[in-house]
Amino acid sequence: MRIGIVGGTGDFGQGLAERLRRAGEEVVLGSRKPHDEFVSNEDVCRLCDVVFLSIPPQAVAEMCSDLASDLHGRIGVSIASPIVFRDGQPAAAPGELSLAEQAQLAAPSCRVIAGFHTVSARALARVEEALNEDVLLCGDDEDAKAVVSELAERIVEGRAVDAGRLEVARWIEPMTAVLLNVNRRYKASVGVRITGLS
């Protein structure tokens, strides 16, 4: 299985790529402007079975629409959160539909799974440090969710937690703002653990 990262130039994409490579996975990085190890975002989608959509929130619908034909049949992992900054502090401005649902509408033949919203990009990029946390996932394609769950559990020390259908992303995505504020207050890179599961 080959894994791609659309928008692989940032901390999240770079950290994710390195952790996946250390787990033995083949990773292809994409960029709007291909250079060095980065290919085009279109090529990432064509070449890979699982594609992480590391896209700015305001660009999700447009980019997924542009990439719709290239994402056909692929598993797309939506990681975007509706983060805004008010007076320099993190907040969330969610719409009626989650960004993951917008991605699914824009690329209807892509198998969209939402997840990794509670994983700090900075912590992910510190590849020598273990990620002692869980990953919350939601989606309507159970087989695709199982594939992403297996990948997630190779990245974090915790587990992949199935949070339900894709619509649940409406409530998971804004959690990023909560954690950003905690990180700001305590100068940390916190994650989430779900307790009480057998």
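The figures here come from the full heavy-atom set of this structure, side chains too, leaving out hydrogens, waters and symmetry mates.
A donor-acceptor pair under 3.5 Å links the side-chain atoms of Thr176 to the main chain of His117, judged by distance alone. Remark: side-chain polar atoms of Asn181 are paired, donor with acceptor, to backbone N or O of Pro90 under 3.5 angstrom. At least one donor-acceptor pair closer than 3.5 Å links the side chain of Gln104 to the backbone N or O of Val112. Between the side chain of Asp36 and the main chain of Phe38, no donor-acceptor pair closer than 3.5 Å is present. Of the possible polar contacts, none joining the Ser65 side chain to the Ala61 backbone as a donor-acceptor pair under 3.5 Å is found. A donor-acceptor contact shorter than 3.5 Å is absent between the side chain of Arg184 and the backbone of Val182. Side-chain N or O atoms of Arg19 include one that pairs as donor or acceptor with a backbone N or O of Arg126 at under 3.5 Å. With hydrogens and angles ignored, the 3.5 Å screen pairs no side-chain donor or acceptor of Glu173 with any backbone N or O of Ala92.
Taken to the nearest 0.5 Å, the NE2 atom of His72 stands 13.0 Å off from the SG atom of Cys45. Between Asn41 atom CG and Leu29 atom CG the span is 10.0 Å, to the nearest 0.5 Å. Distance CG/Asp70 to SG/Cys48: 11.5 Å, rounded to 0.5 Å. From Glu96, atom CD reaches atom CD of Gln102 across 10.0 Å, with rounding to the nearest 0.5 Å. Between the CG atom of Leu53 and the SG atom of Cys110 there is a distance of 6.0 Å, given to the nearest 0.5 Å. Atom OG of residue Ser81 and atom CG of residue Leu180 lie 8.0 Å apart, to the nearest 0.5 angstrom.
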**Request:** List the steps, then state whether salt bridge (Lys or Arg N to Asp or Glu O under 4.0 Å) holds for Glu150 with Arg154.
**Result:** CA-CA 7 Å; Glu150 184 178 346; Arg154 300 181 72 188; 5.5 Å; no

**Request:** Report the C-alpha separation of Asp43 and Arg46 in whole Å, then their side-chain angles, then the decisive distance to 0.1 Å, and conclude whether the side chain to side chain contact (heavy atoms under 4.5 Å, CB included) test is met.
**Result:** CA-CA 5 Å; Asp43 281 343; Arg46 295 185 194 113; 2.7 Å; yes

**Request:** Evaluate side chain to side chain contact (heavy atoms under 4.5 Å, CB included) for Phe116 paired with Val148, printing each intermediate quantity in order.
**Result:** CA-CA 10 Å; Phe116 292 83; Val148 179; 4.2 Å; yes

**Worked check of salt bridge (Lys or Arg N to Asp or Glu O under 4.0 Å) between Arg193 and Asp134** = CA-CA 5 Å; Arg193 291 302 291 260; Asp134 295 331; 3.2 Å; yes

**Message:** Val192 vs Glu133, test: side chain to side chain contact (heavy atoms under 4.5 Å, CB included). Steps then yes/no.
**Reply:** CA-CA 5 Å; Val192 167; Glu133 58 190 281; 5.8 Å; no

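Ile155 places a side-chain heavy atom less than 4.5 Å from the side chain of Leu124. Contact check for Asn183 versus Arg122: no side-chain heavy atoms found under the 4.5 Å cut-off. For the pair Leu99 and Pro82, the minimum side-chain heavy-atom distance is below 4.5 Å. At a threshold of 4.5 Å between non-hydrogen side-chain atoms, the residues Asp162 and Glu142 count as touching. Using a 4.5 Å heavy-atom cutoff, the side chains of Gln14 and Val127 are not in contact. For the pair Leu179/Ser120, no side-chain contact is recorded, criterion being any heavy-atom separation below 4.5 Å from C-beta on.
The same ILVMFWY cluster, assembled from side-chain heavy atoms under 4.5 Å apart, contains both Ile3 and Phe12. The cluster map of Ile, Leu, Val, Met, Phe, Trp and Tyr, joined by side-chain heavy atoms under 4.5 Å apart, puts Val147 and Leu16 in the same cluster. Cluster annotation: Ile172 and Val156 are assigned to distinct hydrophobic clusters (Ile/Leu/Val/Met/Phe/Trp/Tyr, side-chain heavy-atom contacts under 4.5 Å, transitive). Under a hydrophobic-cluster definition in which Ile, Leu, Val, Met, Phe, Trp and Tyr are linked whenever side-chain heavy atoms come within less than 4.5 Å, directly or via other members, Leu71 and Met63 are assigned to the same cluster. In the hydrophobic cluster analysis, where Ile, Leu, Val, Met, Phe, Trp and Tyr join through side-chain heavy atoms closer than 4.5 angstrom, Val39 is grouped together with Val51.
No salt bridge links Arg2 with Asp49; every basic N to acidic carboxylate O contact stays at or beyond 4.0 Å. Salt bridge status for Arg165 with Glu101: absent, with no side-chain N to carboxylate O gap under 4.0 Å.
When all heavy atoms of Arg111 and Ala144 are compared, the pair lying nearest together is NH2-N, 3.6 Å. Of all non-hydrogen atoms in Ala169 and Pro174, the two that sit nearest each other are O-CD, 4.1 Å. The shortest heavy-atom contact between Ile194 and Leu197 is CG2-CD1, 4.0 Å. The two residues Ala160 and Leu137 make their nearest non-hydrogen contact at CB-CD1, 4.0 Å. When every heavy atom of Glu25 is checked against every heavy atom of Leu151, the shortest pair comes out as OE2-CD2, 4.0 Å. The minimum heavy-atom distance linking Glu153 with Gly158 is given by the pair CG-O, 4.3 Å.
Other residues, nucleotides and ligands contribute over 12 non-hydrogen atoms within 6.0 Å of the CD atom of Glu37. No more than 12 heavy atoms of other residues, nucleotides or ligands shown are found within 6.0 angstrom of CZ on Arg32.
Of the candidates Ile113, Ile5, Ile75, Ile75 is the only one forming a side chain to side chain contact (heavy atoms under 4.5 Å, CB included) with Val50.
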